[in-house]
Amino acid sequence: MKLVIIGGVAGGATAAARARRVDEHAEIILFERGAFISFANCGLPYYIGGDIKKRSALFLTTPESFRARYRIDVRVQSEVLEIDREKKELLVKDTSSGATYTETYDRLILSPGAEPLRPPISGIDHRRIFTLRNIPDTDRIKEAVDSGEIRNTVVVGGGFIGLEMAENLVARGVHVTVIEMANQVMTPLDNEMALMVQAHLKEKGVKLLLEDGVSAFSEQEGRIVVSTSKGERIFCDMVVLSAGIRPESGLAKKAGLEINSRGGIVVDEFLRTSDPSIYAVGDAIETADFVSGLKTMTPLAGPANKQGRIAADNALGRESIFRGTQGTAVVKVFGLTVASTGQNEKTLQKNGVLFLKSYTFSNSHASYYPGAEFMGIKLIFSPEGGRVLGAQIVGGKGVDKRIDVLATVIRGKMTVHDLEELELAYAPPYSSAKDPVNMAGFVASNILKKDVAVIHGSELKKGLSEEEVLIDLRTKNERKIEGEIEGALHIPVDDLRAALPTLDPKKRYVVFCAIGMRGYLACRILTQHGFTAKNLSGGYELYRLFK
């Protein structure tokens, strides 16, 4: 068996190593267009920022060590130009010499990845307008920052790479402006969760221009001028483009393989393309969403690594299935941790899927133990049975382990009732007896069981009817420090029972506190005394973020 893999890094290098472990006698060739077969893409911004001190730490393996350990024919600086499917033959160019030659294969795995978008904007070829994809890109950006000439930078795009670059540039003493065409940063998050991130970015001195795009780049007195669609003119010393990616599927398309409307290589559950001898993995492929079953494209390192293993198995005669991706992701933003998994509200609405949602705010560990940090959890679940469909968390310490628990729950097709019952490790420095994941399950289950009705901040912002009355359950001091909602009655929760005779049973009451717990208690009191009541989900903490 002769297995040829085109492209290294997460998918291709993993496929090559797995293939050797599966078959010691197979002939395996790995082609890589660049000089490096496996490096830490996700670590590149942190090398620029200085958290990663040594450039060598970015290299997970070298061509030489990979050859020695796995007995794989590694050919770097080798670009595959054409695939002749009938002859099972490749046309390869040695980029160092320019010479071309042919190579045959029995099975082929494509791992071309994706490339940063460089939209056709006037002036985009300026020498200090960069993208960040590989080691040479990193070297160019770091060299510019190290020169001491970069005081102001515009980052185009508020996704993972854009925000990581913003943080690391600020750490180097650079002022950063982020321009994002959407109405929020971090589009995998729903808007209200992104608002927490945006507030944090502003606190750290990052300027945000949302619902705006770049119309032109120009140069004036040695500086770059970024002109936006809304008429802004920003003078800066460097621009980092992180406005999205597109799959590098040109080779596959040229070979006549099936490509979707977004340029993704279409594969089946075995990661087999429309040619049964060719497999594809990584950022360039279309896969199934684990929750919805619908087709999606998810450019993440975790799925790419798993796909590399599965494609290698199948190419060498084992049967392995890729069961879909749920898009689990986490990013550090100036000490804030932002994470998501599964479906978000926007996607479910787009696909016409019914869902319920809940919000909880919890400490990362027992509040009496020093150093606890706050986190907000959004849980999205099915109205029928309560299956967990998605989760988003924004906060400090402990966010990463909670999103991993919820990702596992989604993979196991578990429900909010299962969240109530999960037995998770507890000691004061690490968690609470009722872990934030348990708390999210309790609140979601209360909604599902109709123990409490909720109203969301976006609804309350639209106003209440004449029959509805708003009650603020917080203390006088809380209201003074945190702020108030105009028109609300002030009845601290501990005084509510005594105040019941003053309330009108013909009215419908909307109650709120800081994060929702006292609101739940108030709803239980009111409904069991014959009143109609709703709790503001997430309390004033979440409501204050809505515009």
Side-chain angles (χ1 to χ4, degrees), residues 4-20 28-70 72-80 94-96 109-116 130-146 159-165 167-169 172 240-242 245-248 251 280-285 298-309 311-312 329-332:
V4 175
I5 300 163
I6 301 175
V9 197
T14 298
R18 174 65 175 177
R20 176 56 72 218
I28 305 170
I29 302 173
L30 173 62
F31 288 114
E32 169 55 47
R33 181 174 55 193
F36 311 101
I37 63 163
S38 186
F39 59 90
N41 294 70
C42 300
L44 302 182
Y46 300 101
Y47 172 61
I48 294 167
D51 284 345
I52 297 173
K53 303 298 182 185
K54 295 183 179 180
R55 183 175 181 271
S56 59
L58 298 170
F59 302 109
L60 305 180
T61 187
T62 65
E64 294 74 24
S65 62
F66 204 66
R67 288 189 193 102
R69 176 159 295 181
Y70 294 105
I72 288 169
D73 183 354
V74 179
R75 303 183 194 177
V76 294
Q77 294 181 308
S78 298
E79 182 178 7
V80 178
D94 183 332
T95 59
S96 59
I109 297 176
L110 305 178
S111 180
E115 62 180 344
F130 303 105
T131 56
L132 181 61
R133 182 190 184 190
N134 52 36
I135 297 295
D137 292 341
T138 308
D139 290 339
R140 285 189 287 269
I141 296 172
K142 191 169 188 300
E143 182 183 6
V145 177
D146 288 349
F160 289 93
I161 294 175
L163 296 191
E164 287 173 342
M165 280 304 303
E167 175 182 358
N168 282 283
L169 288 169
R172 296 293 305 273
V240 178
L241 297 174
S242 58
I245 59 174
R246 61 183 171 202
E248 284 215 54
L251 183 63
V281 302
D283 295 355
I285 70 170
T298 307
L300 293 170
N305 274 280
K306 296 174 184 65
Q307 292 158 9
R309 289 173 56 88
V330 64
V331 64
K332 175 178 172 288

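Only this structure's heavy atoms are used, side chains among them; waters, hydrogens and symmetry mates stay out. These numbers come from a predicted model, not from an experiment.
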Side-chain donor/acceptor of Ser111 to backbone N/O of Gly12, under 3.5 Å: yes
Smallest heavy-atom separation, Lys54 atom then Tyr47 atom, equals C-CE1, 4.0 Å
Within the side chain of Arg18, is there an N or O that forms a donor-acceptor pair under 3.5 Å with the backbone of Lys306? no
Taking atom CD of Glu64 as the centre, does the number of heavy atoms from other residues, nucleotides or ligands within less than 6.0 Å exceed 12? yes
Should we count CZ of Arg69 as having more than 12 external heavy atoms under 6.0 Å? no
For Asp146, is there an ion pair with Arg172 - N to carboxylate O distance below 4.0 angstrom? yes
To the nearest 0.5 Å, what is the distance between CD1 (Ile6) and CZ (Arg75)? 11.5 Å
Determine yes or no for a side-chain-to-main-chain donor-acceptor pair under 3.5 angstrom, with Glu32 supplying the side chain and Gly8 the backbone. yes
Side chain Thr95, main chain Gln77, donor-acceptor under 3.5 Å: yes
State, yes or no, whether a side-chain contact exists between Leu44 and Ile135 at a heavy-atom distance under 4.5 Å. yes
Side chain to side chain contact (heavy atoms under 4.5 Å, CB included) filter on Ala280, not counting sequence neighbours, yields Leu110, Ile265, Val267, Thr273, Ile285
Heavy-atom side-chain proximity of Asp139 to Arg55 below 4.5 angstrom: yes
So which heavy atom on Ser78 is nearest to which on Phe31, and how close? CB-CD2, 3.7 Å
Reported CZ-to-CD1 distance for the pair Phe130 and Ile48, which is rounded to 0.5 angstrom: 9.5 Å
Salt bridge check, Lys332 against Glu164: does any charged N sit closer than 4.0 Å to a carboxylate O? no
Nearest heavy atoms of Val281 and Pro112, plus distance in Å: O-CD, 4.4 Å
Can you find a pair of side-chain heavy atoms, one from Ile5 and one from Ile72, that are under 4.5 Å apart? no
What class does the angle between the rings of Phe39 and Phe36 fall in, given that below 30° is parallel, 30 to 60° is tilted and above 60° is perpendicular? perpendicular
Donor-acceptor contact below 3.5 Å, side chain Thr138 vs main chain Pro136: no
Mind listing the closest non-hydrogen atom pair of Ile52 and Gly43 along with its distance? CD1-O, 3.5 Å
